[in-house]
> 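Got a structure for you, written out below as structure tokens; questions coming shortly.
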Amino acid sequence: MSNVQGGMKCVKYLLFVFNFIFWLSGLLVLAVGLWLRFDPNTVELLTGDGAPDTFFIAVYILLGAGGLMMIVGFFGCFGAVRESQCLLASFFACLLIIFGAEIAAGVFGFINKKQIVEEVQKFYSSSIADVSNPNDTAIAVIYHQTLNCCGGSTSDTSTTLCAEAEENTQDCLTAISDFFNEKLHTIGYIGIGIAGVMVIGMIFSMVLCCAIRNNREVI
């Protein structure tokens with residue numbers, strides 16, 4: 001039998017709906033992580049000996065966060081239905097930890113955004129430094145085809161590879177920067193939206209937990 005009545009009963013069902021949305025948010029984060037990990041363009045650009053792995057490390061963190069959010073959302077739904085103080089308090093603690101981890105990951109990504117782009121640019125630059133090496137040439141061609149670009153902004157060694165490129169073709173260093181900034185912005189927008197949802201969930205869980213405790217004390 002329900003221990004909360006009136007407005008708190010409404011909060012209970014709102015919390016249940018929130019947790020379902022939070023579970024879907026975790027599914028979205030997981031889907032975005034999988035997209036970034038297996039996106040053909042991204043995989044092609046970061047494949048090969050010496051390719052930087054910083055971007056994929058961030059993606060793996062995103063996948064772990066998505067899976068954790070789905071688990072927490074499930075237990076939050078269960079705690080709301082059962083009106084369990086223990087589960088609701090645990091849910092609040094998990095949300096607080098995830099929220100803190102998300103902020104830390106966001107700060108890490110913001111600080112290292114430039115490093116990620118620079119590492120990929122250096123990887124590309126090294127691939128066009130020696131056009132006599134078939135492996136390096138193959139890597140450079142992948143970048144040219146994937147990003148529709150050719151050469152570095154100040155490179156003279158890429159002239160052979162770009163001999164047939166159109167005159168107004170974008171240089172690859174700029175194209176790389178634009179490509180990864182777009183990916184990182186996608187992650188950032190999703191993170192901000194989910195952070196707002198988590199704050200609402202923490203408020204609802206604490207309000208309901210306090211209401212359950214007060215009702216039990218009255219009884």
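Throughout, numbering of the chain's residues begins at 1 and tracks the sequence.
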> Under a single-linkage rule joining Ile, Leu, Val, Met, Phe, Trp and Tyr whose side-chain heavy atoms are separated by less than 4.5 Å, which residues share a cluster with Ile21?
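Cluster partners of Ile21: Val17.
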
> How close do Met70 and Leu27 get, heavy atom to heavy atom, and via which atoms?
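Closest approach of Met70 to Leu27, heavy atoms only: CG-N, 3.6 Å.
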
> What's the shortest heavy-atom distance between Leu63 and Gly33, and which atoms?
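Reported closest heavy-atom pair: CD2-C, 3.5 Å.
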
> Can you list every pair that meets side-chain hydrogen bond (donor to acceptor under 3.5 Å, both in side chains) and has a residue in residues 68-78, with sequence neighbours left out?
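Pairs touching residues 68-78 that pass the test: none.
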
> What pairs meet the side-chain hydrogen bond (donor to acceptor under 3.5 Å, both in side chains) rule with one or both residues in residues 17-38, with sequence neighbours excluded?
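Found Arg37-Tyr60.
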
> Begin with the C-alpha distance, continue with both residues' side-chain angles, and end with the deciding distance and a verdict on side-chain contact (heavy atoms from CB on, under 4.5 Å) for Phe123 and Tyr143.
CA-CA 11 Å; Phe123 179 59; Tyr143 275 76; 3.3 Å; yes

> Only counting residues at least two apart or in another chain, list the ones meeting disulfide (SG to SG under 2.5 Å) with Cys77.
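Partners of Cys77 by the disulfide (SG to SG under 2.5 Å) criterion come out as none, since no residue qualifies.
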
> Which atoms form the tightest heavy-atom contact between Met198 and Phe22, and what is the distance?
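Nearest pair, atom of Met198 first, then Phe22: CG-CE1, 3.3 Å.
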
> How far does CG of Leu34 sit from CG of Asp39, to the nearest 0.5 angstrom?
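Leu34 CG to Asp39 CG: 12.0 Å, rounded to 0.5 Å.
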
> Quick check: closest heavy atoms across Gln121 and Ile176, and the distance to 0.1 Å?
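Minimum heavy-atom separation between Gln121 and Ile176: CG-CG2, 3.9 Å.
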
> Does the side-chain contact (heavy atoms from CB on, under 4.5 Å) test come out yes or no for Asn148 and Gln170, once each step is laid out?
CA-CA 7 Å; Asn148 193 26; Gln170 185 181 35; over 6 Å; no

> Going by the rule side-chain hydrogen bond (donor to acceptor under 3.5 Å, both in side chains), which residues pair with Asn181 if we only count those two or more places apart in sequence or in a different chain?
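Partners of Asn181 by the side-chain hydrogen bond (donor to acceptor under 3.5 Å, both in side chains) criterion, ordered by chain and then number, come out as Ser177.
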
> Hey, what do you get for Cys149 versus Cys172: SG atoms under 2.5 Å apart or not?
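Answer is yes: Cys172 pairs with Cys149 in a disulfide.
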
> Could you list the residues that satisfy salt bridge (charged side-chain N to carboxylate O under 4.0 Å, His left out) with Asp178, not counting sequence neighbours?
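Per chain and number, Asp178 pairs via salt bridge (charged side-chain N to carboxylate O under 4.0 Å, His left out) with no residue.
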
